[in-house]
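Throughout, protein chains are lettered first and strands after them, A, B, ... in sequence-line order, and every chain is numbered starting at 1.
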There are 2 protein chains.
Amino acid sequence: MGVLERVAPRRKKAAAVNSVEANRLLRGDCIAHMASLPDACIDMIFADPPYNLQLGGDLNRPDGSHVDAVTDDWDKFDSFGAYDRFTKSWLKEARRILKPNGTIWVIGSYHNIFRVGTALQDEGFWILNDIIWRKANPMPNFRGTRFTNAHETLIWASQGEDSKYTFNYKAMKTLNDELQMRSDWVLPICGGQERLKKGGHKVHPTQKPEALLYRVMLACTKPGDIVLDPFFGTGTTGAVARRLGRQWIGIERQEDYIEAALERIEAALPLDESALSIMQSPRQQPKVAFGTLVETGYIAPGAVLTDIKRRWRATVRADGSLTMGAEGASIHKMGATLQGAPSCNGWTFWHYEATDGLKPIDALRQTYILATEP
Amino acid sequence: MGVLERVAPRRKKAAAVNSVEANRLLRGDCIAHMASLPDACIDMIFADPPYNLQLGGDLNRPDGSHVDAVTDDWDKFDSFGAYDRFTKSWLKEARRILKPNGTIWVIGSYHNIFRVGTALQDEGFWILNDIIWRKANPMPNFRGTRFTNAHETLIWASQGEDSKYTFNYKAMKTLNDELQMRSDWVLPICGGQERLKKGGHKVHPTQKPEALLYRVMLACTKPGDIVLDPFFGTGTTGAVARRLGRQWIGIERQEDYIEAALERIEAALPLDESALSIMQSPRQQPKVAFGTLVETGYIAPGAVLTDIKRRWRATVRADGSLTMGAEGASIHKMGATLQGAPSCNGWTFWHYEATDGLKPIDALRQTYILATEP
DNA sequence: CGTTTTGCTGAATCTGACC
DNA sequence: TGGTCAGATTCAGCAAAAC
């Protein structure tokens, strides 16, 4: 290793990302428009692709052309094939414009979601979760021939197995009353005031509820991130993005949807910063070493720590290590060794004798953080 | 179109079906054994193929205990291509031996279900529903890196668009307290007495709960129908078939599974009414998180909440947490902290300013439940 | 003997910073 | 780029043990 390399500060290799103008709507075909965007410029893609497949007599190919009859196998194969080609095309562009650590969400039903999921995997995306939107008030099955179709499926995927995607774990947990957010989400369908109508008719047949996009964006983006929706429709993605302080790009072909979308986004009020902030995971909080607490007098050298059941006792040394006689180790190592475990969080394992009982040393750390926070 | 085709009388072709010996277990490879069965001899196929999980290293719980994961060879495939070839092979045979009006069920997770669904469609099967098995007690996500994987997906498909499949609509409606059975089923995972163990260890890593098979068979077969399970495992399909008066054929390769399965089926007695009621899951009160009210717009981020005496004021944040400056916490935790109490019911502690005075946020929850209940 | 507490476990693609 | 190590991380159901 040369001298220069040793002297030069070790810098994390920045993922090559590009910038792009956001908060705008692109009129026209989604594949063509995506193709015009630079590589690695999008933080999240939310896609609600068409799945007008096998809906009976009136069948259109994704490219708009009409399929005559659907009564024989050839046509079925043809329509699946066409749909797969369409899916691969837009996914390829999506993958290119998505940042290395960006993620993609796609929503669909059993008509198309299996083909979309397969295509995602084939293109190299790494599926992180499939999410079930369990509809609180679905349309009943009028003919009594099947189960009530009461859900839709979303797929959440990263660029690859090792990508460092955004997941606001703590915010999701808080949103769910201090329980981990699960892969099944109970949310009402879009109706009432939220449902866009014109002349008494709904503007878009499958308008998604803002609550769905709210959760998706809160979970997987940071404020300021750019969210692209290649099948923008009436702009739910844009409206929620604006409300949550995210940037958005929408692509839409149909003029009446565009009109409704722009009007709607204009009316969406951004939240102010305090309302926008969310619960942070400790991971994102300042890191404090146990030794710092010793140095700053939060715990004295010579103090005795025990586990919750007082089975083991260890003494704090001046450098922040623990000792049980001759041996010394970090709070984590010592805890792991004693339990015969591969690892151990010393902050929660070790306790000190406070005036009101045994408390984990993590409480001291919290006190330290609160006292030293700006 | 030729003349002969027009002249020939259009006669509904009688479904040509064959008979086969049932209530037996075939030892060995599922594709080879299916190939040995005659055409159109099976009424329903239930398949729980390998999920192709591709797990990495070991996983430990936060308390250090080890997660006993699926490490069996039968779940290992080299690539998606290899998995797809395997899937197509067994589905081809499945389609051949299934009667024209028979149906197939396949269960999987996001690792494999999209590939299975695509293959089903490509082979010509007609998807009738995708069903979500919403697990009442899933394994949590220990690392806090994703959403808790709390469901599995089942696909129900017929031989084609026009096949006259069996669907016991009324039975399903009765099972669901006189409401149409939905596409999301809440059922516990297999545990307790039902879980087969030997020497303290589970016999099969992924034993399915009988309640799941019970609902599937009750919905889509008639008494006396023949149900084939090509991935028989420890024979849940066989046990439930016997209890429900259906016939069964199982195919399994692994001798220890076979032994457990035969013993189990032997012990399965036809279900009496008291046992039947146990199989049914109790309808549970919908649980609403405070965050859901924020997502759905029942209360806006930035809104101010107070206690009944207006001694404390807190602001609602985007993730449903409350803040009084820098600190954030859930409605319950914040209430407890302020009062110096060990716990607090945030729903009744916190109030919002309504047009007709101060009201507990629990009123909003009631409104939400009333609006979204089916 | 009834009630409460403690312990175990389940189809899981489960870390990240630094050297 | 692989090795090392600090440190962050869990919910519901059931069963066995303790009270």
Side-chain angles (χ1 to χ4, degrees), chain A residues 1 6 10-13 121 125-130 157-158 160-162 164-165 167 169-170 173 176-183 281-285 287-291 309 320 329-333 335-336 342-349 362 365, chain B residues 48-72 74-77 80 107-113 133 135-153 186-195 197 200-202 204-209 233 284:
Chain A
M1 193 179 278
R6 293 190 62 103
R10 177 71 63 142
R11 201 174 47 191
K12 193 177 209 170
K13 194 163 147 192
Q121 290 177 317
F125 286 103
W126 186 254
I127 297 181
L128 298 165
N129 276 118
D130 59 335
S158 67
E161 190 174 354
D162 298 321
K164 309 293 176 217
Y165 55 89
F167 179 57
Y169 173 73
K170 197 73 198 314
K173 194 171 173 179
N176 195 34
D177 273 0
E178 299 300 328
L179 289 179
Q180 284 192 340
M181 186 66 80
R182 300 167 38 120
S183 58
S281 297
R283 206 173 278 149
Q284 291 148 279
Q285 286 176 356
K287 204 154 125 187
V288 179
F290 182 64
K309 291 184 180 166
S330 73
I331 55 171
H332 311 291
K333 263 243 163 97
S343 68
C344 165
N345 180 353
W347 291 107
T348 53
F349 179 78
D362 195 40
R365 179 169 60 159
Chain B
D48 181 13
Y51 285 13
N52 192 24
L53 286 184
Q54 305 185 3
L55 300 177
D58 282 5
L59 180 65
N60 294 301
R61 296 187 177 77
D63 65 7
S65 63
H66 184 253
V67 174
D68 186 12
V70 178
T71 51
D72 306 67
W74 50 252
D75 198 49
K76 293 185 178 17
F77 292 84
F80 283 132
I107 182 168
S109 68
Y110 67 84
H111 310 86
N112 70 324
I113 199 65
W133 168 25
K135 297 181 186 180
N137 46 348
M139 174 136 56
N141 181 290
F142 300 116
R143 291 301 179 95
T145 54
R146 303 181 182 188
F147 300 96
T148 302
N149 200 3
H151 73 275
E152 290 188 27
T153 301
V186 182
L187 296 171
I189 57 176
C190 181
Q193 296 298 321
E194 190 185 325
R195 187 85 194 208
K197 297 198 174 175
H201 296 290
K202 48 192 179 187
H204 194 284
T206 69
Q207 186 183 337
K208 295 293 172 289
Q284 51 182 27

Length of the line joining [X]:[atom1] and [N]:[atom2], which is rounded to integer Å:
X        : N      : atom1 : atom2 : result
B/Leu187 : D/dA12 : CG    : C1'   : 15 Å
A/Phe349 : D/dA8  : CZ    : C1'   : 16 Å
A/Phe167 : C/dG16 : CZ    : P     : 12 Å
B/Leu59  : C/dT15 : CG    : P     : 8 Å
A/Asp130 : C/dA12 : CG    : C1'   : 13 Å
A/Asp162 : C/dT15 : CG    : P     : 10 Å
B/Asn60  : D/dG7  : CG    : P     : 18 Å
B/Arg146 : D/dT10 : CZ    : P     : 16 Å

* Asked: How does each nucleotide of nucleotides 5-11 of chain C score, in 5' to 3' order, for protein heavy atoms under 4.0 Å: base (B), sugar-phosphate only (S), or none (-)?
  -> --S-BBB
* Structure fact -> Of A/Gln180 and A/Lys287, the one whose closest nucleotide on DNA chain D sits nearer the 5' end is A/Lys287
* Want to settle it: does A/Leu179 or A/Phe290 sit nearer the 5' end of DNA chain D, counting the closest nucleotide to each? -> A/Phe290
With rounding to the closest Å, how many angstrom separate the [atom1] atoms on [N] and [M]?
N      : M      : atom1 : value
D/dC5  : C/dA12 : P     : 30 Å
D/dA12 : C/dC14 : P     : 23 Å
D/dA18 : C/dC1  : C1'   : 14 Å
D/dT10 : C/dC8  : C1'   : 13 Å

* Side-chain H-bond candidate by donor/acceptor type, A/Glu178 with A/Asn176, under 3.5 Å -> no
* Exercise: do B/His201 and B/Asp68 side chains pair donor with acceptor under 3.5 Å -> no
Just by distance, do the side chain of [X] and the backbone of [Y] share a donor-acceptor pair under 3.5 Å?
X        : Y        : result
B/His66  : B/Asn60  : no
A/Asn345 : A/Phe349 : no
A/Tyr165 : B/Thr145 : yes

For [X] and [N], is the shortest distance between a side-chain N/O and OP1 or OP2 below 4.0 Å?
X        : N      : answer
A/Tyr169 : D/dT10 : yes
B/Gln193 : D/dA15 : yes
A/Lys164 : C/dA17 : no
A/His332 : D/dA6  : no

Base, sugar-phosphate, or nothing: which does [X] touch, judged by heavy atoms less than 4.0 Å apart?
X        : answer
B/Gly192 : sugar-phosphate
A/Gly335 : nothing
B/Asn149 : sugar-phosphate
A/Ile127 : base
A/Arg365 : sugar-phosphate
B/Thr148 : nothing
A/Trp347 : sugar-phosphate
A/Lys170 : nothing

Which residues share a side-chain hydrogen bond (donor to acceptor under 3.5 Å, both in side chains) with [X], sequence neighbours left out:
X        : answer
B/Lys208 : B/Asp48
B/His111 : B/Ser109
B/Asp75  : none

* Asked: Between B/Trp133 and B/Lys135, is there a cation-pi geometry (under 6.0 Å to ring centre, at most 45° from the normal)?
  -> yes
* Structure fact -> Ranking D/dT10, C/dC14, C/dA12 by distance to the side chain of B/Pro62, first place goes to D/dT10
* To do: Could you walk me through whether B/Asn141 and B/Asn149 pass side chain to side chain contact (heavy atoms under 4.5 Å, CB included), step by step?
  => CA-CA 7 Å; B/Asn141 181 290; B/Asn149 200 3; over 6 Å; no
* salt bridge (Lys or Arg N to Asp or Glu O under 4.0 Å) against B/Arg146, all qualifying residues, sequence neighbours excluded -> none
* Structure fact -> Taking Watson-Crick and G-U wobble contacts under 3.5 angstrom, with | marking pairs to another strand and [ ] crossing pairs, the secondary structure of DNA chain C is written .|||||||||....|||||
